[in-house]
Structures are given as C-alpha cells and as structure tokens.
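The figures that follow rest on heavy atoms only: side chains count, while hydrogens, waters and symmetry mates do not. So that the names make sense, note that chain A is the first sequence line, chain B the second, and so on, each numbered from 1.
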2 protein chains.
Amino acid sequence: MRLSRQDILAGALDLLDEVGADNLTMRRLATALGVTNGATYWHFASKQVLLAAMAESMLAGVTNGLDRDAPWWEQLTATAHRLHAALKSRRDGARIFAGAFFPEPNALAYGETMIGILREAGMSPRDAVWTVDTITYYVVGHTIEEQAAAGLAEDDVPDLRAALDPELHPNTLAAIDDIPAPHPPEHFDHGLELIISGLRTRLGVEVVSNGG
Amino acid sequence: MRLSRQDILAGALDLLDEVGADNLTMRRLATALGVTNGATYWHFASKQVLLAAMAESMLAGVTNGLDRDAPWWEQLTATAHRLHAALKSRRDGARIFAGAFFPEPNALAYGETMIGILREAGMSPRDAVWTVDTITYYVVGHTIEEQAAAGLAEDDVPDLRAALDPELHPNTLAAIDDIPAPHPPEHFDHGLELIISGLRTRLGVEVVSNGG
DNA sequence: ACCTGAACACCGTTCAAGT
DNA sequence: ACCTGAACACCGTTCAAGT
C-alpha cells in the first residue's frame with residue numbers, strides 16, 4: 001500500500017472529522033490508511049508535524065477573493081470571518097490550529113494580509129501585529145469553545161443553573177438563557193464588531209454609538 | 001501514606017510548575033506523592049476532574065479587592081488583569097484553564113463580577129455575557145501563547161524570518177521585530193485596551209482617539 | 001475508609017529487516 | 001524508497017484484595 005504525504009494528510013483530516021481531536025491517534029490513522037503503525041513516520045517525522053500540516057491545510061484560501069478596495073474595517077471583518085470558517089471546516093479544527101506553530105504559506109498569507117490591511121489604515125507595524133494577535137486570539141478562542149460545545153454529549157454539560165445561587169450570582173442568573181452552547185452566529189459577530197469598533201475609534205474613524 | 005484531596009491538589013499544582021502540562025501525568029503525580037498509581041482515583045474520579053479542580057484553585061481571589069466605585073472600564077480592566085495574573089501563577093496555567101468546564105465558586109465569581117460590571121454600565125444581560133466571553137477569550141488566548149512561548153526551547157522556535165519572502169510578505173517583514181516571543185506586558189495591555197475602548201464607544205462614553 | 005498490586009487497553013516513536 | 005513487525009517506554013483507568 002504505497003502512500004503519499006497527501007494521502008496521509010487527507011486521511012488524517014477525514015479521521016479528525018470522524019473521531020475528533022481526542023481520538024485522533026497515529027495508530028488509528030495507520031489502520032484507517034490500511035498500513036502498519038510505523039508507516040506514517042516515513043512521511044511525517046512526528047504527530048506534531050502532521051498536526052501542523054493539517055492546520056496549514058485548513059487555512060487554504062483564507063485570503064482569496066478579498067476586496068482590497070473596500071474600507072479597511074470591512075477587509076478585516078471579512079478575513080476574520082474567513083479564518084473562522086476555515087477553523088470550522090473540520091471537527092475540532094480550532095484546537096488543532098491553536099496547538100501548532102507553522103510558518104507555512106497559508107498561515108503566512110493570513111498574517112501578511114491582516115498586517116497589510118492595518119498598515120494601510122495607518123497603523124505602525126508594531127500596533128498592526130499586536131492588533132492582528134488580538135483578533136486572532138478572539139477568533140480562535142471563540143471557535144474552540146463553539147466546537148467544544150458541539151462535541152459535548154447532552155449529559156456531559158455541567159449544570160450551570162444548579163450551581164448558581166440567587167444571592168451570590170444574580171447577574172449570571174439574569175443572563176443564563178444567553179449563556180450558550182450552542183453559539184448563535186451573532187455571538188461571533190458581536191465580539192468581532194466590538195474589537196473592530198475599538199479599532200475604528202483608535203484610528204480616528206467616526207463611529208456611531210449603537211447604545212450597546 | 002494517608003492523602004487528602006488538598007494534598008493531591010497541591011501536589012498536582014507543584015508538579016505542573018515542575019514539569020509542565022504535557023508531562024503532567026497521573027502516574028508521575030502518584031509517584032511524587034509517594035503513593036501507587038490507583039491511589040489518587042479514590043479522591044478524584046478522573047484526570048479531567050483533577051484538572052478542573054486545579055483551574056478552580058488558580059482562580060482563588062480573582063475578584064477580591066475590586067473597587068466597585070471606580071468607573072466600569074477600570075473595574076473591567078482590573079478584573080481582566082487579575083485573571084491574567086491567576087493564569088500565569090502556574091506554568092501552563094492558561095492551558096489547564098482553557099480545557100476545563102467548572103461551575104465552581106471562583107469561576108462563578110469571576111463571571112458574576114464581570115457580568116455585573118457591564119450591567120451596571122447599562123448593558124443588557126445578553127450583551128454583557130457575550131462581552132465577557134470576548135474579554136475572556138482574549139485573556140486566555142493571549143496567556144496560552146505567552147506561556148507556550150516561555151516553554152519553548154531556543155531551537156524549537158521555528159524560524160519565521162527564514163520562511164518570509166520579501167515579495168510575498170513585506171508587511172510581516174516590516175513588523176518582524178515586534179512579533180514576539182517573549183511577550184512584553186504592553187502587548188497584553190494593548191489588546192485589552194482595544195477591546196475596552198470598543199466598549200466605551202458602544203456604551204456612549206467619550207473616547208479620545210490616540211491615533212493608533 | 002483508603003491504598004496496593006496488578007491488570008486492561010491503549011499511546012507515540014524507533015528501527016532492523018524486508019521488498 | 002517505502003513499509004513491516006516488533007519492540008520500548010510510556011499513558012489513564014479499574015478493581016479485587018488487603019489494612
């Protein structure tokens with residue numbers, strides 16, 4: 001059974017969708033590919049390296065089709081949405097992404113595009129990188145939680161309501177119906193808009209208050 | 001060798017500082033406590049449960065000493081800094097925290113306090129929870145990266161500069177000296193201020209632009 | 001009540017040997 | 001060049017049996 005790097009990568013991504021990050025093992029992968037344990041190690045030096053390749057592969061096309069003539073905040077929003085979609089393209093994709101460092105083409109293109117948008121908007125290189133970090137942390141953090149919630153069995157959800165005390169936690173109780181899982185799409189947009197409206201204020205673009 | 005839950009928890013936190021999250025195993029913990037493999041399972045049902053207890057323990061005091069008469073944005077900033085410090089109190093603390101769900105007193109107090117600050121500032125319950133999520137994702141995401149960078153050996157850092165192409169990545173290259181590890185404290189503050197200035201705009205507080 | 005000892009069902013990784 | 005087979009050094013978890 002002759003394997004290519006591509007075969008292994010594709011098999012690993014399919015296996016991820018099937019079993020989730022916790023059950024993605026090199027041994028199950030080998031079995032799924034019809035090969036013995038050590039075989040994948042000829043193509044990928046370690047599980048870490050394979051995970052990085054999986055993350056890079058999920059990012060394919062994150063920067064394609066961006067309208068570079070649109071206002072910078074729209075470009076930023078669009079690219080953040082693309083990253084969100086890329087991470088959601090595979091089960092537990094955000095967790096795989098978060099655990100990996102990989103100066104590979106797709107990841108570099110994402111960073112380059114984001115930094116470029118902010119520099120064109122007038123930011124210093126330093127502020128641009130740090131701002132990209134802030135946005136990326138938000139997107140990744142949100143997506144990890146979204147996917148973690150999606151992967152939990154009904155009974156595994158700890159009972160928040162039962163743990164709350166009306167004396168100690170009145171505000172949490174008032175908001176309990178809005179404490180997801182599952183996360184509605186507006187939840188993601190809410191946080192993203194918050195960050196981007198902060199940026200617009202900083203960069204001196206007039207922002208109309210919408211009253212929270 | 002008679003153990004209490006507290007002994008095991010303290011031992012686990014010390015072992016975490018010593019060996020890091022990747023090497024924190026139930027077997028090493030048992031050995032460190034001078035006990036055989038199965039012993040800890042009488043006190044904690046599983047590793048997950050122990051990790052949640054560790055996370056809860058790191059959060060001790062996150063809401064203490066908050067000046068409830070200060071402006072809401074200062075209270076929010078102070079509490080976010082407290083969370084940051086709590087996660088940094090132990091090696092890889094942010095990763096332990098991120099992987100756990102735990103409706104326990106300290107975690108509930110954190111959420112309750114944050115939601116309360118925002119509701120007093122005039123937010124709806126829904127917007128308050130979602131905003132707390134945004135801030136928390138940022139703090140946790142940032143701290144995970146900080147601690148991951150701190151834990152990497154010199155040679156394990158992938159060479160970003162070498163991977164960059166001046167044609168393809170001019171903006172990334174322009175900013176390369178500001179792409180940490182190690183993260184300076186201003187990096188954390190930069191993102192937090194960004195989010196909070198977005199909030200002030202939304203809530204109709206006058207914000208003076210500082211020009212990015 | 002709390003721990004030991006031993007087992008069960010796994011892991012990631014390596015590497016001589018085969019083809 | 002690429003894979004097999006077998007091993008090495010681990011895991012988390014369970015549970016009868018001991019005290």
Base partner of C:dA1, which must satisfy Watson-Crick or wobble distances under 3.5 Å: D:dT19
Checking N1-N3 plus N6-O4 or O6-N4 for Watson-Crick, or N1-O2 and O6-N3 for wobble, each under 3.5 Å, the partner of C:dC8 is D:dG12
If you take the centroid of each ring, where Trp contributes its six-membered ring, are A:F188 and A:H84 closer together than 6.0 Å? yes
Do the side-chain N and O atoms of A:D7 and A:S4 include a donor-acceptor pair separated by under 3.5 angstrom? yes
Under 3.5 Å, is there a donor-acceptor pair linking the side chains of A:R91 and A:Q147? no
Any side-chain N or O of A:T25 under 4.0 Å from OP1/OP2 of C:dC11? yes
For C:dA9 versus D:dA9, give the span between their P atoms, rounded off to a whole number of Å. 23 Å
Quantified in whole Å, what is the C1' atom distance between nucleotide C:dC3 and nucleotide D:dA16? 13 Å
Within the 4.5 Å heavy-atom criterion, are A:L118 and A:D127 side-chain neighbours or not? no
A:N23 or A:A45, whichever maps to the more 5' nucleotide of DNA chain C: A:N23
Of the candidates D:dT13, C:dG5, D:dT4, the side chain of A:T36 sits closest to D:dT4
Round to the nearest Å and state the distance from A:F44 atom CZ to D:dC3 atom P. 12 Å
Between B:K47 and A:H43, name the one whose nearest nucleotide on DNA chain D is closer to the 5' end. A:H43
